[in-house]
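Sequence lines set the chain letters: A, B, ... in the order given, protein chains first and strands last, and positions in each chain run from 1.
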Amino acid sequence: RVTDTPVSSVSPAFVVMKFDQEGNVTSFEKKKTELCQELSLQARDLRFQHSTSLTARNNCIIIRMELLKAILTPQSLLVLDFRGLGLERWLVLDLAPQLASQTHTLPFEFRALEAILQHKVNTLQARLNDVEPVMLDTLESLVDPKILSADRSKLHILLQTSKSLSELETDIKVFKDSLLKILDEDEIIEEFCLTKWTDPRVFEESSLGIDHAEEMELLLENYYMQAEELGNKARELKGLIDDSESVIFINLDSHRNVMMRLNLQLTMGSFSLTLFGLIGVAFGMNLTSCFEEDPRVFWLVTGFMFLGSGLIWRRLLSFLGRHLEPSVPPLIPPVWKRNLKASDNRTGVKC
Amino acid sequence: RVTDTPVSSVSPAFVVMKFDQEGNVTSFEKKKTELCQELSLQARDLRFQHSTSLTARNNCIIIRMELLKAILTPQSLLVLDFRGLGLERWLVLDLAPQLASQTHTLPFEFRALEAILQHKVNTLQARLNDVEPVMLDTLESLVDPKILSADRSKLHILLQTSKSLSELETDIKVFKDSLLKILDEDEIIEEFCLTKWTDPRVFEESSLGIDHAEEMELLLENYYMQAEELGNKARELKGLIDDSESVIFINLDSHRNVMMRLNLQLTMGSFSLTLFGLIGVAFGMNLTSCFEEDPRVFWLVTGFMFLGSGLIWRRLLSFLGRHLEPSVPPLIPPVWKRNLKASDNRTGVKC
Amino acid sequence: RVTDTPVSSVSPAFVVMKFDQEGNVTSFEKKKTELCQELSLQARDLRFQHSTSLTARNNCIIIRMELLKAILTPQSLLVLDFRGLGLERWLVLDLAPQLASQTHTLPFEFRALEAILQHKVNTLQARLNDVEPVMLDTLESLVDPKILSADRSKLHILLQTSKSLSELETDIKVFKDSLLKILDEDEIIEEFCLTKWTDPRVFEESSLGIDHAEEMELLLENYYMQAEELGNKARELKGLIDDSESVIFINLDSHRNVMMRLNLQLTMGSFSLTLFGLIGVAFGMNLTSCFEEDPRVFWLVTGFMFLGSGLIWRRLLSFLGRHLEPSVPPLIPPVWKRNLKASDNRTGVKC
Amino acid sequence: RVTDTPVSSVSPAFVVMKFDQEGNVTSFEKKKTELCQELSLQARDLRFQHSTSLTARNNCIIIRMELLKAILTPQSLLVLDFRGLGLERWLVLDLAPQLASQTHTLPFEFRALEAILQHKVNTLQARLNDVEPVMLDTLESLVDPKILSADRSKLHILLQTSKSLSELETDIKVFKDSLLKILDEDEIIEEFCLTKWTDPRVFEESSLGIDHAEEMELLLENYYMQAEELGNKARELKGLIDDSESVIFINLDSHRNVMMRLNLQLTMGSFSLTLFGLIGVAFGMNLTSCFEEDPRVFWLVTGFMFLGSGLIWRRLLSFLGRHLEPSVPPLIPPVWKRNLKASDNRTGVKC
Amino acid sequence: RVTDTPVSSVSPAFVVMKFDQEGNVTSFEKKKTELCQELSLQARDLRFQHSTSLTARNNCIIIRMELLKAILTPQSLLVLDFRGLGLERWLVLDLAPQLASQTHTLPFEFRALEAILQHKVNTLQARLNDVEPVMLDTLESLVDPKILSADRSKLHILLQTSKSLSELETDIKVFKDSLLKILDEDEIIEEFCLTKWTDPRVFEESSLGIDHAEEMELLLENYYMQAEELGNKARELKGLIDDSESVIFINLDSHRNVMMRLNLQLTMGSFSLTLFGLIGVAFGMNLTSCFEEDPRVFWLVTGFMFLGSGLIWRRLLSFLGRHLEPSVPPLIPPVWKRNLKASDNRTGVKC
């Protein structure tokens, strides 16, 4: 054999749960080498190096779907190392009855493969369902135009869900690729029809004369398309995040502009008051202005200070109003009407 | 059959509207199993799992276009579960007359397929037509250079239409993919020509000796290209949103800069007034400055305060003007003239 | 025939301009049905549904290039509905002489096809030439570092040209796709060599024994590559817009930072003046400070106010200077030198 | 031979380390020309121009993986110019034992190729492992919502790791491409099975009758998929950087808005104080107001100044509160619920 | 011939530099028509319409690489219109000796083709080498965290180099495409082996019995891969610009936030001073407060003013500190640890 890298640290024994065609479920421990000999596989085939893989080997289908490792033979499904992965409930409550169901006209490997692929798609769908409402809620509250500053715990959640979404997208892509690799080559599809090669009787019995390979292609294609739909949904969510971020930025910028205008208006007011207050300060100096004794002057100057401030402020505000309304040429045509392509009229183009 | 998942919760009966070649329309209810037996289909074929699919099965074409589910046989078109989907008007007013029209030289399945695909394309087009003017209006008002802060309800609408556009793009892509899957394989196109296989008489009668498969390819390709045009349009709109957002940001930033310059100019003014006002404050102290009795000093100091403020402000403003006009080297060549590639002149490059 | 949709509202008659091999140009009106019969085409073939299409049909080539609709037979070129589209000048002044030119050794359909494709490429080129200088001028003035706020009418123009560019890109892509569809299938190229099938004499006469199909492929490929070059140019322009927008944003942000620093420096000054002015205000109170009579105190306090303000301001400014210059570790290595990949030295990696 | 460019400055001699099947390791120097003659290769084959290449030549496999240059013959592996590259430890401690291991049933070239490819994948993985934690730490501290301004040394690190990641992505892509070029052509895979062509005895001895070419395909595919997983991981990290940058910007903008609101509130306070302080200034003028002698007036005016300031400030603050809470129409529907496509109800669409 | 467009304004004569196999270089002028006749080419073949093209025609290879136009026959290389393009030095000093070199075992066309392709790759490399250091220097100085505002002349340079890079990317892509078009079709590669068809003697003499077509494929593939490496490098640079721009924006934003906080702190100080200064203003009024005569009151009020200001300012600053440190929930888990996918634990998922 090719390698025996100590890195992969293969445990020499598997805990196996075996489902046979009659619905019997047995669980036992078996050495890896024994298992290989029994199924005429090579140790290398049971290394499960890639997180998602579906391969036909010597009339077995070797499956890995993230946590789930399984070997599918024409007569039985062996699930390996299933403990502590949270798979037990599914194995016992869902998989066993499905495999035992006698209403199927297609052979055992179809039932088993469908159950496993459906489980995988359900897992992906469940992850999307987990992420989607959290993300939509978070975005909904972040794009709320009333908020002046983004809630940071929401941003945290957004970052987390965005990361989960990226991982989900990768996993969907890997799953699709592993199916596509099979669908692209007719020979591999044939290899997946285990019963066809081992039990011709089953094949002849099939009342409808169904072509196994074609059925297998339909089955795999079905799950491929389901994964594609999940992928489309995930991509749409990604796009939604981008669009929302733009809106968040526009919102924050708008708030800032509004506040800046208010600030500017107040600064104008303060400036006016300071300017005319200077008159008051001048008259407050311990210097002789010769108006000291005239009681009317007090009211005159005070009135002038307040009125002057008010008037100057008003002028400044109206100046601001005019300044912010830019002097656009009065008749800019709207951008969006599909403009007639001017060049189409040019008939004299040399050719 | 492969599975019978209770999840999909297939209703055991369909409400069927049947259109035959003579233009008769009948509506009845039928059990799923009966329908399958009648058309020699399998229950699985009528599960309509994917939102958009076109498949040939045992001399029937099974169609799902989002809400519309239909089975097309050489003699009739069966529309399933059509109630409550808003399809009734189209079915009665448009589809029935089209199918009954006797001017067609091509067999029934062509007429029916064309009617359904045209309906699908029209639906997609209608959704684009719904979104486009709203989006253009919203963008038009958002890029308006006069606005200081973006109108938030407009942003809301923009986000909504942008989301609709993404969904529309996905649906167009799915529709195109389902057509492409057929167009890519000549065998499947052949399978779609139902009459060719069932009614050779019709085939011979066809006055022009048309090749059915080629006609079918043309028909499908036509709708493929229409969907492509819709997709191009949607992509252009997406690009327009991106471009507009950049312009909105530049607009908001420009407003802010303008306001900030005004603010800075006023701050300069206030600073000048405060600086020279300090003189007045100093003379306002109850301390002896020895100038108390000289009436000219009052006017002198007051004049100095106002004049000094004004002069300092003016200097500050001119300093600001120079400061913002950066000291670029006087002769930066313009970026945009396609610069002669200097390296082309290097003839001595070793090779 | 398949459909007769009233939507497309086909005018029952065409205004036709006919160019024959001898250079004669005639113009007449003809019913659509007559035209179909004459050329053995079907009504469907003359529906021109797609904005850009090139199809061979029954020894004719049916062409639509946006506004231009034409039918090319081995002996003549029929241009349909040419009025009011601005095409007249091109038809009369350019197309007619080109078609009549007797210097060509290749048959009529090559000359006609080349003239039409060249016209299309010229039209696309002209649109690019229209857009490019406007866009470059606009960008040039927008990225000008001296401007404090973007000129909004420039932004308007930028948005418009950017939109035109997107439309142009789509049109180039559609044109390329329609050529590629022909180039990808040798059979279709053969169909395009009309004369080869109708006039063997011409074929034999050809002095050089040229393979018509190969010549046709070269001709189409030539225009494909010209369109590709236009597409490359358009994509470069798009990239230039993106780059320029980044620069505009950096410019606006830089201006803002400069103004904010000035503002902050002035605020520091005002703060200092206010702080020490408080002393003056204190002494201005009508309260007994016991210094009232000492003339030196006036100058002392006044001097302290001004000097103190100045000193505090200076300290604040130098604090700002230090604050903005961040305490980066003194020896950050530059980012850009291609760092030796540290991991390459790791020889002990297990494998 | 084709060229002898002095640019490439080929050293005329190689330092060679030779590993044979029995596990013997010898090291010697050899002239390039002698080596070529010995292996019947051409000088050109040993030029190692591309950073990553795998080519079969005259029953040798010539390998370059960045620093590692090797020639694989059916009997031995020659590593060239291995000094000073940090490869020694790996060569002596890892490669030698692996090649000597007698537990393999497949011939020598499989063992050697696997060792080298595994080394390459490990190197790429190690580089990713170097970059990932640094990048995650940096992003973690940059997106921290508590920070007001980004730590610049962190930005520096971010830029550096981002650059390393880009280079890593390129190297992974180049490695994948070089494997894909072999996997895409069955002939080249056959050429890689050196022993099959040279030593039929080994082939027959192989106890399992394994097809060498199929084994080779599996081996290469395995490393292709490992590289693909690394590539996916790197792409996810890139996406994480983008998402984090958006969050950083939102954070900084939020901080700014919060500070601006505080600033605005204080400006409002200052404005109020200035406005009512003007009254005090007015009464501080050395002018006769006739209230001088009434002690109640002092308290009245002082109270009015402070109370008035307070009241005006409160009004301004509540005005600000209302101003920032925009007058959105009360019942904007949430964006995110998948809106029923209105157009689906349109049944009367013409088709 | 197909067209004779006056647009292309073909000069009727070429200035030709001829390199033959013996290393003789001659230069002469020749009419285009004579040249065509001599080489049995058609005028169309010598139109050089596309900026980069490599085509085999009637046992000649016609080459255009931007400025360089050449015709390669089995015996000689003709370089056309070489004057004034800066190519002379390369032609005389590099090309001539290379072509004359007798050490090559492969025929003349290989030597010539390699020299020309190498020249092209060198030109592209030189352009990249021109752009890269300028761009890295510019980015290095722009991402410097110490700068408060971007240096505008640097931005200008950045924009220019970015544009050059885009053009370079396009040119590399065009060059790669022109090589790929040949590599994709074995027939065209055969056509490129000129000597094989014309001079069987050379072929037999070749001592190693090399397959010319295979050698040609290797030669072209070599340059394809070199161009690919250049393209990778250019793409990495583009990515670096994007990353750097983000860092520049974060830097500028950070500076702004720091300045804004300083500004806010000073505004708080000014506010406090204004608030308590109002007391001083109140006591400065010419109104009777009854404290006029008590000397302790002066120090009391003055102390209160300064102390009060200080205290209020301190409170405001600590309020700011708390305000900016947001009330995040204390235990947000870090984002970056790859979170266990919760959904994997869900075993009860229906399938």
Side-chain angles (χ1 to χ4, degrees), chain D residues 1-5 42 49-51 136 139-140 143 145-146 148-150 152 155-156 158-159 162-163 166-167 170 173-174 245 248-249 252-253 255-256 258-260 262-263 266-267 269-270 273-274 276-277 280-281 283-286 289 291-295 297-299 301-302 305-306 309, chain E residues 98 101 103-106 110-111 114-115 118 143 145-146 208 215 219 222 225-226 229 232 235-236 239-240 243-244 246-247 249-251 253-258 260-261 263-264 267-268 270-271 274-275 277-278 281-282 284-290 316 320 323-326 328 334-336:
Chain D
R1 300 187 306 56
V2 183
T3 64
D4 236 325
T5 59
Q42 298 178 46
Q49 282 187 306
H50 307 293
S51 68
L136 293 189
L139 288 179
E140 183 81 65
V143 300
K146 273 182 283 193
L148 183 74
S149 69
R152 291 85 191 270
L155 288 178
H156 194 87
L158 182 66
L159 206 49
S162 169
K163 184 157 175 290
S166 295
E167 286 165 13
T170 302
K173 186 177 158 291
V174 168
E245 282 175 352
I248 293 171
F249 282 120
L252 292 177
D253 274 26
H255 271 296
R256 207 171 315 146
V258 166
M259 287 194 288
M260 188 166 270
L262 274 173
N263 199 34
L266 288 173
T267 304
S270 296
L273 291 171
T274 310
F276 284 87
V281 170
F283 280 100
M285 294 189 292
N286 290 327
S289 63
F291 299 128
E292 281 86 356
E293 302 311 315
D294 191 340
V297 173
F298 173 79
W299 296 109
V301 172
T302 304
M305 266 164 58
F306 280 91
S309 298
Chain E
Q98 263 180 297
S101 133
T103 61
H104 291 292
T105 56
L106 282 168
F110 282 76
R111 265 180 282 161
E114 185 162 46
Q118 187 67 52
V143 300
K146 273 182 282 190
L208 294 156
E215 290 299 319
L219 190 154
N222 182 15
M225 282 177 73
Q226 289 191 29
E229 280 175 27
N232 283 340
R235 215 189 42 236
E236 274 182 27
L240 197 58
D243 290 345
S244 301
S246 296
V247 166
F249 282 120
I250 297 181
N251 260 337
D253 274 27
S254 290
H255 270 295
R256 207 172 315 147
N257 278 10
V258 167
M260 188 166 271
R261 192 180 50 192
N263 199 36
L264 185 53
T267 305
M268 284 169 165
S270 295
F271 174 78
T274 309
L275 180 62
L278 212 58
V281 169
M285 293 189 293
N286 291 326
L287 299 173
T288 318
S289 63
C290 310
L316 284 171
L320 173 65
H323 204 79
L324 290 180
E325 202 161 301
V328 274
V335 187
W336 314 109

Looking only at non-hydrogen atoms, find the nearest pair between [X] and [Y] and report the distance.
{"X": "D:Phe298", "Y": "E:Ala282", "answer": "CE1-O, 3.3 Å"}
{"X": "E:Glu229", "Y": "D:His50", "answer": "OE2-ND1, 3.4 Å"}
{"X": "E:Leu278", "Y": "D:Gly277", "answer": "CD1-CA, 3.4 Å"}
{"X": "E:Ser254", "Y": "D:Leu252", "answer": "OG-CD1, 4.2 Å"}
{"X": "E:Val281", "Y": "D:Val281", "answer": "CG1-N, 3.6 Å"}
{"X": "E:Ser246", "Y": "D:Glu245", "answer": "OG-OE1, 3.1 Å"}

Polar side chain donor-acceptor pair, D:Ser149 to E:Asn257, under 3.5 angstrom |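 The answer is no; no qualifying pair exists.
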Counting heavy-atom pairs closer than 4.5 Å to chain D, which one of [options] comes out on top?
{"options": "E:Leu275, E:Asp253, E:Leu316", "result": "E:Asp253"}
{"options": "E:Asn232, E:Thr274, E:Asp243", "result": "E:Asp243"}
{"options": "E:Asn222, E:Thr267, E:Asn263", "result": "E:Asn222"}

Using non-hydrogen atoms and a 4.5 Å limit, figure out which bit of D:Asp294 sits close to chain E: side chain, backbone, both or neither.
->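 Contact with chain E is through the backbone of D:Asp294 alone.
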So, the part of D:Ile248 with a heavy atom under 4.5 Å from chain E: the answer is side chain
Got E:Met285 and D:Val297 here, is their nearest side-chain heavy-atom distance under 4.5 Å?
->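 Sidechains of D:Val297 and E:Met285: no contact.
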Any side-chain heavy-atom pair from D:His255 and E:Met260 closer than 4.5 angstrom?
->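 A side-chain contact is absent here, since even the closest heavy-atom pair is not under 4.5 Å.
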